[in-house]
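Reviewing the structure listed below.
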Amino acid sequence: MAYRDLREFVKELEKAGQLKRVRVEVDPVLEITEVTQRIARDANRKPNSVGPAVLFEKPKGSRYPLLVNTFGSVKRMCMAFEVNELDEVAGRIRGFLDTKSPQGIFDKIKMLPKLAELGTFFPKSVKDGDCKEVIHKGSEVNLRDFPILKCWPQDGGRFITFPLVFTKNPESGKRNVGMYRMQVYDERTTGMHWQTQKHGAEHFRRAREKNPEGRIPVSVAIGSDPATTLSGMLPIPPDLDEMMFAGFLRKQPVEMVACETNELEVPANAEIVLEGYVNLNEMRTEGPFGDHTGFYSLEGDYPVFHVECITHRKDPIYLTTVVGPPPQEDFYMGYAVERVFLPVMRMQYPEIVDVAMPAEGIFHNLMIVAIRKSYPGHARKVMNAIWSLGQAMFTKMIVVVDHDVDVHNYSEVVWKALCAVDPERDVQFSLGPVDTLDHAARMQDYGSKMGIDATRKWATEGFTRPWPEEILMDEATRKRVADLWKTLGI
Ligand SMILES: Cc1cc2nc3c(=O)[nH]c(=O)nc-3n(C[C@H](O)[C@H](O)[C@H](O)COP(=O)(O)O)c2cc1C
Ligand SMILES: [Mn+2]
């Protein structure tokens with residue numbers, strides 16, 4: 001059974017010993033970040049240790065509790081998706097992608113349960129929801145009621161860091177949900193930090209082309225059941241409804257309820273909902289913000305979100321996350337995305353055996369890819385594929401290795417990849433869109449990428465020298481020594 005809402009997940013985390021409560025008052029300005037760093041990040045850096053989720057029951061200055069580090073371990077990501085291994089989610093996706101055309105009546109009958117399951121993914125509109133227990137409109141709207149974090153000393157203010165931002169494509173009418181941080185300017189105004197390549201920004205641009213003086217409706221849900229919450233960060237194609245994907249993940253439709261003051265719908269189980277609009281002709285300085293690169297992202301001009309109505313549960317839990325030097329909570333969310341979307345990547349590029357994105361590469365800086373190499377130049381083809389694949393386009397460095405390298409074993413990757421390259425020959429540069437957070441790029445959003453072909457080189461690629469074999473002891477000797485081992489006195 002899918003989690004009903006965020007608080008049911010909190011209960012499960014607590015039962016599983018994965019949640020700590022902090023009962024003393026802690027300040028959402030800086031202090032909660034520092035506590036989170038000690039509990040989560042520093043703990044996670046020690047082998048075999050991961051910090052728990054933390055429920056701050058008394059954030060200073062607010063009546064509402066704050067939840068952080070909710071998804072900050074592989075175990076909790078598995079709990080979020082109700083699986084034992086993330087590969088189970090990947091397996092379900094593979095199951096749908098592998099569906100062959102039915103060959104006869106038995107095949108057709110066998111497909112029925114799968115089709116029925118497909119039907120359960122679509123979001124369902126409902127008349128009312130728990131998110132409407134309390135409704136504030138007009139002058140009652142006050143974002144300062146909530147324990148919104150100022151995470152790091154040089155942050156431009158307080159930021160809502162875990163929002164689901166709902167918009168509608170002004171042409172197709174299709175919904176988008178993205179997780180874009182929001183800087184609080186005052187009681188009723190925030191920034192809207194959708195980066196230029198993201199779907200919310202595209203909706204904004206298209207609407208502005210038609211009517212530069214107009215506005216678009218925007219609603220924001222904070223704190224829903226885990227699958228729905230996480231769907232906001234998934235790198236799925238434009239016009240594919242994140243709420244449908246959430247339904248797939250939780251195996252139960254997401255219930256959507258109409259907003260009070262605009263035409264959008266939001267998850268009925270949300271803890272907090274902000275309704276309002278974004279003016280198409282208004283921009284304001286956003287940032288700086290201590291980002292997941294481990295550096296401050298600089299100030300920039302972003303649209304402004306005007307909140308006209310806030311609805312929430314009677315006792316809402318304010319869900320948030322802290323980013324900063326890796327690894328932080330978002331690493332585990334990104335890792336789950338990497339595992340879950342591998343089968344999708346492999347459907348289009350079956351030569352891809354495995355991929356890894358080390359935490360220190362903060363997703364966009366480094367991807368290690370193992371391929372089954374079949375033809376000359378294959379590694380470079382895969383680099384180009386990744387640079388054209390959704391948000392993988394941002395990947396600054398791609399290292400392509402042969403299928404027999406374990407991409408998750410970074411020491412093996414460094415060893416074998418460095419042995420396999422002649423740098424001048426094997427490095428491929430390319431120009432294109434880069435992550436907005438890449439502060440080293442020559443311009444914001446535009447810069448260069450590098451691919452390293454660390455596969456064995458072939459004669460058909462002009463490498464005519466013999467390629468040496470990796471050193472391995474023969475089986476017979478290994479076995480003999482294993483038998484002798486106890487007698488050796490070592
Ligand atoms: C905690 C967290 C914060 C994020 N903040 C932002 C942000 O401020 N701006 C942004 O463009 N993307 C941000 N992202 C990444 C987007 O959520 C992600 O790219 C998502 O796929 C965007 O949805 P879209 O593809 O529908 O635009 C954040 C992700 C996480 C996990
Ligand atoms: Mn989207």
Side-chain angles (χ1 to χ4, degrees), residues 33 36 40 67-72 77 80 149 151 155-156 159-169 172 174-184 190-206 218 220-223 226 228-246 278 286-293 296-303 305 319-324 326-338 340-341 344 357 359 362-364 389-395 433-438 444-445:
T33 297
T36 307
L67 180 63
V68 73
N69 205 32
T70 318
F71 303 106
M77 281 305 303
L149 296 181
C151 297
D155 282 3
F159 285 81
I160 299 172
T161 56
F162 220 151
L164 293 173
V165 178
F166 288 75
T167 53
K168 219 164 149 178
N169 181 328
S172 66
K174 287 189 177 151
R175 164 167 48 224
N176 189 67
V177 189
M179 191 171 288
Y180 317 120
R181 72 168 187 242
M182 295 155 58
Q183 178 174 357
V184 177
T190 78
M192 185 48 77
H193 187 259
W194 45 46
Q195 293 156 354
T196 190
Q197 314 89 347
K198 306 297 171 76
H199 301 153
E202 183 63 19
H203 290 181
F204 175 87
R205 271 192 296 272
R206 289 197 190 182
V218 175
V220 173
I222 302 169
T228 304
T229 298
L230 291 165
S231 69
M233 60 157 306
L234 296 180
I236 60 177
D239 283 357
L240 187 73
D241 185 3
E242 281 84 358
M243 292 299 99
M244 191 183 80
F245 210 90
V278 162
E286 200 267 4
F289 176 70
D291 225 312
H292 79 149
T293 55
Y296 286 97
S297 51
L298 306 175
E299 290 183 347
D301 277 346
Y302 282 87
F305 176 51
L319 176 71
T320 192
T321 187
V322 173
V323 295
Q328 303 273 348
E329 180 177 1
D330 68 319
F331 167 69
Y332 298 92
M333 301 192 265
Y335 175 72
V337 169
E338 173 201 297
V340 166
F341 283 101
V344 182
M357 289 183 279
I362 43 171
F363 313 122
H364 64 264
L389 193 68
Q391 291 182 39
M393 70 176 164
F394 299 130
T395 313
V434 300
D435 198 291
T436 304
L437 302 186
D438 186 339
Q444 182 174 303
D445 300 319

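Each ligand, and each atom within it, is numbered from 1 in the order the structure gives. Basis for what follows: all heavy atoms, side chains included, without hydrogens, waters or symmetry-related copies.
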Contacts of Lys168 meeting salt bridge (charged side-chain N to carboxylate O under 4.0 Å, His left out) (sequence neighbours excluded), chain-then-number -> Glu263

- Show your reasoning for whether side chain to side chain donor-acceptor pair (under 3.5 Å) applies to Thr321 and Thr161. CA-CA 6 Å; Thr321 187; Thr161 56; 5.5 Å; no

Pair Phe341 + Phe245: ring centers closer than 6.0 Å:
yes

Is the closest N or O pair between Lys198 and ligand 1 shorter than 3.5 Å?
yes

Do ligand 1 and His199 have nitrogen or oxygen atoms that lie under 3.5 Å from each other?
-> yes

With heavy atoms and a 4.0 Å threshold, my read on which part of Gln391 contacts ligand 1 is side chain

Angle between ring planes, Phe363 versus Phe331, binned at 30° and 60°: parallel, tilted or perpendicular?
parallel

Filtering Glu202, Arg181, His193, Glu329 for the heavy atom nearest atom 9 (N) of ligand 1 leaves His193

At under 4.0 Å between heavy atoms, what of Thr161 touches ligand 1? The answer is backbone

Counting heavy atoms under 4.0 Å, the part of Thr436 that contacts ligand 1 is neither

Does the N or O separation between Gln195 and ligand 1 drop below 3.5 Å for any pair?
yes

inquiry  = Looking only at distances, can you tell me whether any N or O atom of Met179, backbone or side chain, sits closer than 3.5 Å to an N or O atom of ligand 1?
reply    = yes

Check your understanding: Would you say Met233 and ligand 1 have an N/O pair spaced under 3.5 Å apart?
Key -> yes

Check: ligand 1 and Leu234, any nitrogen or oxygen pair closer than 3.5 angstrom?
Finding: yes

At a cut-off of 2.8 Å, protein N/O/S around the Mn ion (ligand 2) gives Asn176 OD1, His199 ND1, Glu242 OE2

Under 4.0 Å between heavy atoms, the region of Asp330 that gets near ligand 1 turns out to be neither

